[in-house]
Amino acid sequence: MLNNKTDRSERLFEEAKHYIPGGVNSPARAFQAVGTTPRFIEKADAQFIYDADGNKYIDYIGSWGPMILGNNNPGVLKAVQETIVHGLSFGAATGREITMAKLACEMIPCFEMVRMVNSGTEATMSALRTARGYTGRNKIIKFEGCYHGHSDGLLVKAGSALIAEGGSPDSAGVTENCAKDTLTARYNDMDSVEKLFEEYKGDIAAVIIEPVAANMGVVLPQDGFLKNLREICDLHQTVLIFDEVITGFRLAPGGAQQLFGVTPDMATFGKIIGGGMPVGAYGGRRDIMECVAPVGKVYQAGTLSGNPVAMAAGIAQLTCLKENPSVYEHINSLGEMLYGGLKEIIAAAKVDCTVNHIGSIGTLFFTGGQVTDYTSARTSDLKRYAEYFRYMIQHGNYFAPAQFEAMFISDQHTEADIQKTLSDAAVFFGV
Ligand SMILES: *Cc1c(COP(=O)(O)O)cnc(C)c1O
């Protein structure tokens, strides 16, 4: 599987750039950070993805997480096919939304009520508005390198493609006034959190965090960190929000909050919850969620929210995950094999690299020390990552086109796939 031909992708990219900024509808797809052409995708099936030049790759992105069951899952597909014949959208209440809400409340420890939206961005933005409405306070704390979507107030020291862009991680077009209510602390550093609580005493509405960070590459919370955040939020009656857009339904059926046994007041979801359709959700404690309109005074709405086709896809995927714990055993054991294998390779090659992973997600950082926060993540050698990426994609491994992202394993991956990827990596590292 040597994928050298990219003529068609190159031609499509040239044309796309004429009509779409940078040729892409989301910067994370641009391949700018790895100095090659984005592959234009024709189709995906099971653990594979195929581009316009006919190249086949083992897919370690899975649409950035949603495809946990593999691409083109027959159950999800069937649910969509059965639903579309009855109309694509009604803009009115449906029974399917209750099914989804009940399922989500059964699976997610902190959920007593949930509101469906159309993306992770909407979910985090709405959760924060709700927390502010509930507490009557202004400030929020986020962590450097965590990404919570692209709403104005959250594009402050954010992760994901913002880091890969190079320069300042803050976006143009965000006013100072918008950014000033967003305080930033350092991941895994309680002192930095305590200082902010001290300085802004009585005005911190919420702390929002990725319980396992996956947008500065994968960075795990150190022992006790999430529990300490729970305690400080209790002490100050601040709403603790876990952004589980990546970790939700992936680290466990009940997400990171189930795995770590720390229950936030609210949580946000996206990606997996839609089964590949554009879906997000925010929810949590009943007394907080009852602040949302039309019950309460926090306004939030959506013409296509709870869309029947999207709900059908999400319900099919979540039901499958709830009923099949073997999915987690499988993807976690493949994760052990892949990330464990990469660790062995970099040890044998004696290179300055480090692997962070949990379950099926992980990142190979091109830096020697431990990566525990944004500062340490940023010591990575991005040129070297780009070389690694280009080698791996040429040999049929479709990775994230930037250092500060996760790899995703699906239930359709096999040990043979992982072995193939590891042997390609071994050749790249010369061992
Ligand atoms: C992807 C992501 C978001 C944003 O979701 P979109 O659906 O892209 O708007 C928010 N938070 C986290 C942790 C994410 O990974």
Side-chain angles (χ1 to χ4, degrees), residues 24-30 61-68 108 115-129 131 140 142-164 169 171 182 184 187 206-221 226 240-251 255-257 259 264 266-283 300 302 304-305 307 310 313-314 317 356 358-363 374 377 400-408:
V24 290
N25 279 312
S26 189
R29 299 173 198 165
I61 295 187
S63 192
W64 301 94
M67 298 309 171
I68 187 168
I108 307 302
R115 176 58 71 78
M116 302 307 299
V117 292
N118 305 288
S119 67
T121 295
E122 268 190 79
T124 54
M125 177 182 84
S126 311
L128 288 170
R129 185 183 300 144
I140 59 141
K142 78 176 282 293
F143 292 85
E144 287 177 20
C146 282
Y147 179 68
H148 304 292
H150 67 89
S151 69
D152 281 359
L154 287 167
L155 287 180
V156 179
K157 301 210 167 138
S160 189
L162 281 161
I163 319 180
S171 167
T182 305
T184 51
Y187 206 85
V207 170
I208 186 166
I209 188 165
E210 292 183 72
V212 170
N215 286 290
M216 48 177 148
V218 171
V219 175
L220 273 62
L226 297 175
L240 177 61
I241 305 172
F242 280 2
D243 180 355
E244 298 230 40
V245 171
I246 283 189
T247 54
F249 311 104
R250 176 167 287 277
L251 298 187
Q257 52 192 281
L259 188 71
M266 300 183 80
T268 56
F269 294 84
K271 300 188 172 115
I272 289 178
I273 199 171
M277 301 292 282
V279 180
Y282 69 102
Q300 183 271 314
L304 293 173
S305 293
N307 171 273
Q317 176 144 287
N356 282 0
I358 181 166
S360 58
I361 54 173
T363 301
Y374 182 64
Q403 169 73 88
F404 305 108
E405 308 280 0
M407 295 176 76
F408 298 89

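Start at 1 and go down the list; that is how both ligands and their atoms are numbered.
A donor-acceptor contact closer than 3.5 angstrom links the side chains of T268 and D243. Under 3.5 Å, the side chains of Q300 and R115 contain a donor-acceptor pair of N or O atoms.
M67 places none of its side-chain heavy atoms less than 4.5 Å from the side chain of I61. Between I246 and N215, some side-chain heavy-atom pair lies under the 4.5 Å cut-off.
Where the criterion is an N or O separation shorter than 3.5 Å, residue side chain and backbone included, D243 meets it with respect to ligand 1. Considering backbone and side-chain N/O of I246, none are found under 3.5 Å from N/O of ligand 1. Looking at ligand 1, you'll find an N or O of T121 within less than 3.5 Å of one of its N or O atoms. Where the criterion is an N or O separation shorter than 3.5 Å, residue side chain and backbone included, N215 meets it with respect to ligand 1.
Per-residue contacts place S119 under 4.0 angstrom from the following atoms of ligand 1 (heavy atoms of the residue considered): 7 (O), 9 (O). Those atoms of ligand 1 with a heavy atom of G120 less than 4.0 angstrom away are 4 (C), 5 (O), 6 (P), 7 (O), 9 (O).
Among all heavy-atom pairs drawn from L251 and A256, the shortest one is CD1-CB, 4.1 Å.
In this structure, F408 and W64 have perpendicular ring planes: the angle between them is above 60°, well past the 30° mark.
Relative to atom 13 (C) of ligand 1, the option among Y147, F242, F269 with the closest non-hydrogen atom is Y147.
Residue, atom and distance of the protein heavy atom nearest to atom 2 (C) of ligand 1 are K271 NZ, 2.6 Å.
T182 contributes a side-chain N or O that, together with a main-chain N or O of G153, makes up a donor-acceptor pair within less than 3.5 Å.
Here E210 has side-chain heavy atoms under 4.0 Å from ligand 1, and that is the only part of it that gets that close.
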